[in-house]
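The structure under discussion appears below in the form of structure tokens.
Hydrogens, waters and symmetry mates play no part in the numbers below; they use all other heavy atoms, side chains included. Convention: sequence-line order gives letters A, B, ...; per-chain numbering from 1.
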Amino acid sequence: MQEYNFTRIEAKWQDYWETNHCFKAEYDPNKKKYYCLEMFPYPSGKLHMGHVRNYAIGDAIAITKRMEGYNVLHPIGWDGFGLPAENAAIQRNIHPAKWTFQNIDSMKQQFKKLGFSFDWDREFATCEENYYKWQQVIFIKLYEKGLIEKREAPVNWCPHDETVLANEQVENGCCWRCGNPIIIKNMSQWFIKITDYAEDLLKDYDQLGEWPERVISMQKNWIGKSYGLHVNFKWKDKDFPIFTTRPDTIYGVTFMAIAPEHPLVGEIIESNKNKDELKAFVEKTIKEDKITRGSEEGEKEGVFTGEYVVNPFNGDQVPLYIANFVLAEYGTGALMAVPAHDQRDFLFAKKYHIPIKVVIQRPEKDLDPETMDEAYVAEGNLVDSESFTGLNNKKAMKKIIKHAEAKGFGEGKVNYRLKDWLISRQRYWGNPIPIVYCESCGPIPVAEKDLPVTLPLDVEFKGTGNPLETSDSFKHVPCPRCNKPSIRETDTMDTFVCSSWYFLRFCSPHEENQPINTEEANYWMNVDQYIGGIEHAILHLLYARFFTKALKDLQYINIDEPFKNLLTQGMVVSNSYYSQKIKKYYSPNELSDDKKICPETGEALIVKLDKMSKSRNNGVDPDIMIGKYGADTVRLFMLFAAPPERDLEWNEQGMEGCYRFLKRVYRIASDFVSSGYGDRYQGLGLNDIGSEESNSLNNSSANLLRQTHKTIKKVTEDFIHRLHFNTGIASMMELVNTLNSFKAESDTDYRILKVSIDILTRLLYPVAPHIGEEINRMLGHKTPLYKGSWPSFSEEWTQDENATYVFQVNGKVRAKEDLAVSLSEDELKDIALGHERIQQWLDGKKVVKTIVVPKKLVNIVVK
RNA sequence: GCGAGAGUGGUGGAAUUGGUAGACACGCAAGACUUAGAAUCUUGUGCCUUUGGUGUGGGGGUUCGAGUCCCCCCUCUCGCACCA
């Protein structure tokens, strides 16, 4: 018997796959395609277990689909631009490009050691000229189409990373990357008009296949569509527009509120005698960070401006307040307030003694501003609303909007919470925005023949300011149109732009004349299965959906949605051990066996499950695990321990279990080979077990044959239809348990054994490919499994001859019996009723009813 | 507050259509082999007062039968959150 030597086996097959380019995907319109893609990694330097899980899932899918006969595209590349490279430059004086490519090299080695079936011939990094050049071309096309513009706006500025951020990249008022609070600044910046596509983004969810409900709901939430009335109030002679989703309450407006950041604020407070006081309030509020202002507990504050605004519906003059809770970026930055029917307005009115006017009365007709202690927000009939009085408030909405439209002071409007995507970044290690500013011509795109605009080397990384500003050779260039000395844009693009179309470039990565080869992209797209972390629910997934739509409108492709099916895998988590006293996370290896006591202070440590990370000191190094157990075991465990969408708890003992399983598989196969029967049955397949032969089998080989068919059925269902690898693997373990105790004696037994091991090998291949190929070769197959086919089963052989019937009395199990499935309902009934153990329970009772469920149970109902 | 998801043995998890709850694995226990250990193998393992009772967060309901369907409640995780 040979030992399971994973080191030798894995090196051998990895070498074979690489040398023979086994997973190279070829464009062939005559073949049915399958595009399997995992979110490409940021080259941080080392793979972590989260990566291993992500790619183990994707690879299992890719391999299965190949075996099913699809032409599979399974590419890999690198999200090469980004801030960590620049930070490394500042801290360690290494150029971002060098740092990035070194990291790519080492991660690539790790990928190879894991044996993933990527098409390495399509590999690229977004920081390579041949990629970012084409992104600059796309930028210019979008710019020329009016989908990109530069404008002055209040934007999110991260003082720590010294760059602006898109709305999507601010979490709870903090930078998504470094976690420091952001501040709002007015700056002139580049925006991509994603808002033009808000409606398409909402509409096309129905083109998607399997997407997690929560991702869609998060996106819908983010886009934030609402219907309402855009109406012009009047301040002095000026229009004072607001947006409301409650036009039915328009006659109940008793004050107006405006955001402190609103451009009209200066003018409004100009003539006030308490001007300085008002100014102080505005400045104080703007300075407060977003978290305080946005929190629920945050006090609602405002100041009266001394000005009045006129309601165009009834001519009412209502006081105008500047209030801290009004958002400058939503709607028009000002709002109408109806204290009687909006809780926030109600609290504000009470605080500042503003009148309350009821315009919706509930059926009891008892609403009275004097006695109300909260706003009435339910349905009712309008009162005090001129010609609309008496109408149900919901029905009145449309009529009120129509009225405003007829009178010309307002219109029905759809409002979105989604803002345009701010893509400027004041950083070096990103794709340069290909624009030159000329004094006479204005902003001019760089000519395509001069692309790409490359990143200069004569820059300094000082840790303050944009390093590109320090490069004279980069900044000072002639105008592309008139040749006059001009200044080049020094902002680079948000790295999320790079990841918004990489899946399209994978379809034709070597295309030399355009960003995307339309024919090939139309063949491969869309991505049939996309796999990645939930953290990109809004960011990357929304941007990529938008980009796909915009590129369709530029006629590069003919599809609306990039990702047909999305799988968001859970995190890999493990226990973290935290000492509160010395504020330190311990690695499990530093602790004694019970892991609960701090070795330095003796206090009880805080133990909890956390996402694996460096900062919590609870990470497990994939390299060490691969060295100890082999890539197949590591991959198998990642798939076996939990279904993909759930968080996976790291447990090295679980790894041991998977390792034992593979060793057992290997032993069974090598025992068979050394039995001498291996050679005799070369080429023998499952379907070669003839029906005559199969009818004359003894019990144990008939069982094995049946279980083999059943395992194919189960694994097919789990791997292909449900993507629940854990249960498919479990059923293979059951088969192995049977094989383990199977004693082959006759020639027929050996034939069945051979076929069963063969099938097991093929089912195992997607989740443990090295050992799969090795055993396949050991069994004498000349064709490697990567060219093999997915096994099929015969339905007939998945059916047992006998089933364990449960006999119940009044729904309680009282007896069990193995019986032939061919028995009729009446026969079953008789057997159950005549059963000794059952009769005890029938004694003195009357049988009311008997239920027979084929192959399952007989339930006798008695009184 | 709104939205989504989850709650099953000592642990990870299974039960796809209402039909034996706990597959598979870990752990644990006993045993075999061994001078001993490691490895491997065998057997057992929800709980209890065991011819039986009880059990899928809690309470009710539908049904011959509920982890699964319906109603109410509790807890946890994630996302959004003054969105006018």
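- The shortest distance between the side-chain N/O atoms of A:Lys849 and the OP1/OP2 oxygens of B:rC64 is below 4.0 Å.
- Using a 4.0 Å cut-off, no side-chain N or O of A:Arg667 falls inside it from OP1 or OP2 of B:rA39.
- When only modelled atom types and interatomic distance are considered, A:Thr708 and A:Ser756 share a side-chain donor-acceptor pair under 3.5 Å.
- Between A:Lys284 and A:Glu301 a salt bridge is recorded (basic side-chain N to carboxylate O distance below 4.0 Å).
- Proximity of A:Arg660 to the phosphate of B:rC41: no side-chain N or O atom is located under 4.0 Å from OP1 or OP2.
- The aromatic rings of A:His536 and A:His540 sit perpendicular to each other, their planes meeting at more than 60°, with 30° as the lower class boundary.
- Proximity of A:Arg814 to the phosphate of B:rG53: a side-chain N or O atom is located under 4.0 Å from OP1 or OP2.
- Applying the 4.0 Å criterion to OP1 and OP2 of B:rA14, one finds that A:Asn726 has a side-chain N or O inside that range.
- The partner of B:rG1 is B:rC80, by the rule that a Watson-Crick or G-U pair needs both atom distances under 3.5 Å.
- Comparing B:rG57 with B:rG7, their C1' atoms sit 6 Å apart, to the nearest whole Å.
- When the P atom is compared between B:rC71 and B:rA21, the two are found 26 Å apart, to the nearest whole Å.
- A salt bridge is defined here as a Lys NZ or Arg NE, NH1 or NH2 lying under 4.0 Å from an Asp or Glu carboxylate O, and A:Glu652 with A:Lys628 meets this definition.
- With the nearest nucleotide of RNA chain B identified for both A:Tyr330 and A:Thr804, A:Thr804 has the one nearer the 5' end.
- For B:rU16, the base has a donor-acceptor partner in the side chain of A:Lys714 [N/O atoms by modelled type, under 3.5 angstrom].
- Using Watson-Crick or G-U wobble geometry with both donor-acceptor distances under 3.5 Å, B:rG12 finds its partner in B:rC24.
- Side chains of A:Ser576 and A:Asn618: no donor on one and acceptor on the other come within 3.5 Å.
- Checking B:rG46 for Watson-Crick or G-U wobble geometry (two distances, each under 3.5 Å) identifies B:rU54 as its partner.
- Comparing the C1' positions of B:rU77 and B:rU16 gives a spacing of 25 Å, expressed to the nearest Å.
- Comparing the C1' positions of B:rU17 and B:rU40 gives a spacing of 42 Å, expressed to the nearest Å.
- Here A:Phe6 and A:Tyr629 keep their ring centres 6.0 angstrom or further from each other.
- Nucleotide B:rU40 forms a pair with B:rA32, judged by Watson-Crick or G-U wobble geometry with both contacts under 3.5 Å.
- In this structure, B:rA6 forms a base pair with B:rU75, meeting either the Watson-Crick or the G-U wobble geometry with both donor-acceptor distances under 3.5 Å.
- Between the OH atom of A:Tyr805 and the P atom of B:rG65 there is a distance of 21 Å, rounded to whole Å.
- For the P atoms, the distance from B:rU49 to B:rA38 is 34 Å, rounded to whole Å.
- OP1 or OP2 of B:rA81 has at least one side-chain nitrogen or oxygen of A:Arg417 nearer than 4.0 Å.
- One atom, CE of A:Met638, and another, P of B:rA25, lie 20 Å apart when rounded to the nearest Å.
- In this structure, A:Leu648 places its CG atom 18 Å from P of B:rA25, rounding to the nearest Å.
- Side-chain contact, A:Ser613 with A:Arg616: a donor N or O sits under 3.5 Å from an acceptor N or O.
- Remark: A:Lys855 is not in phosphate contact with B:rU20, judged by side-chain N or O atoms under 4.0 Å from OP1 or OP2.
- Taking atom C1' on both B:rG19 and B:rG5, the two are 28 Å apart, rounded to the nearest angstrom.
- Remark: the A:Asn859 side chain and the B:rC64 base include a donor-acceptor N/O pair separated by less than 3.5 Å.
- Between the CZ atom of A:Phe725 and the P atom of B:rG12 there is a distance of 22 Å, given to the nearest Å.
- Put simply, CH2 on A:Trp650 is 16 Å from C1' on B:rU11, counting in whole angstrom units.
- Contact check, A:Lys663 against B:rU40: a side-chain N or O comes under 4.0 Å of OP1 or OP2.
- Here A:Arg344 does not reach the OP1 or OP2 of B:rG1: none of its side-chain N or O atoms lies under 4.0 Å away.
- Ring-centre distance between A:Tyr666 and A:Tyr4: below the 6.0 Å cut-off.
- Between A:Ser741 and A:Asp342, the residue anchored nearer the 5' end of RNA chain B, judged by the nucleotide with its closest heavy atom, is A:Ser741.
- Atom CZ in A:Arg722 sits about 9 Å away from atom C1' in B:rA14, given to the nearest Å.
- Summarising the geometry, the separation between CG on A:Asn575 and P on B:rU11 is reported as 14 Å, rounded to the nearest angstrom.
- The distance from atom CD of A:Glu734 to atom P of B:rA14 is 14 Å, rounded to the nearest whole Å.
- Pairing of B:rG19, defined by two Watson-Crick or G-U wobble distances under 3.5 Å, is identified with B:rC64.
- For B:rA14, one of the phosphate oxygens OP1 or OP2 lies less than 4.0 angstrom from a side-chain nitrogen or oxygen of A:Arg646.
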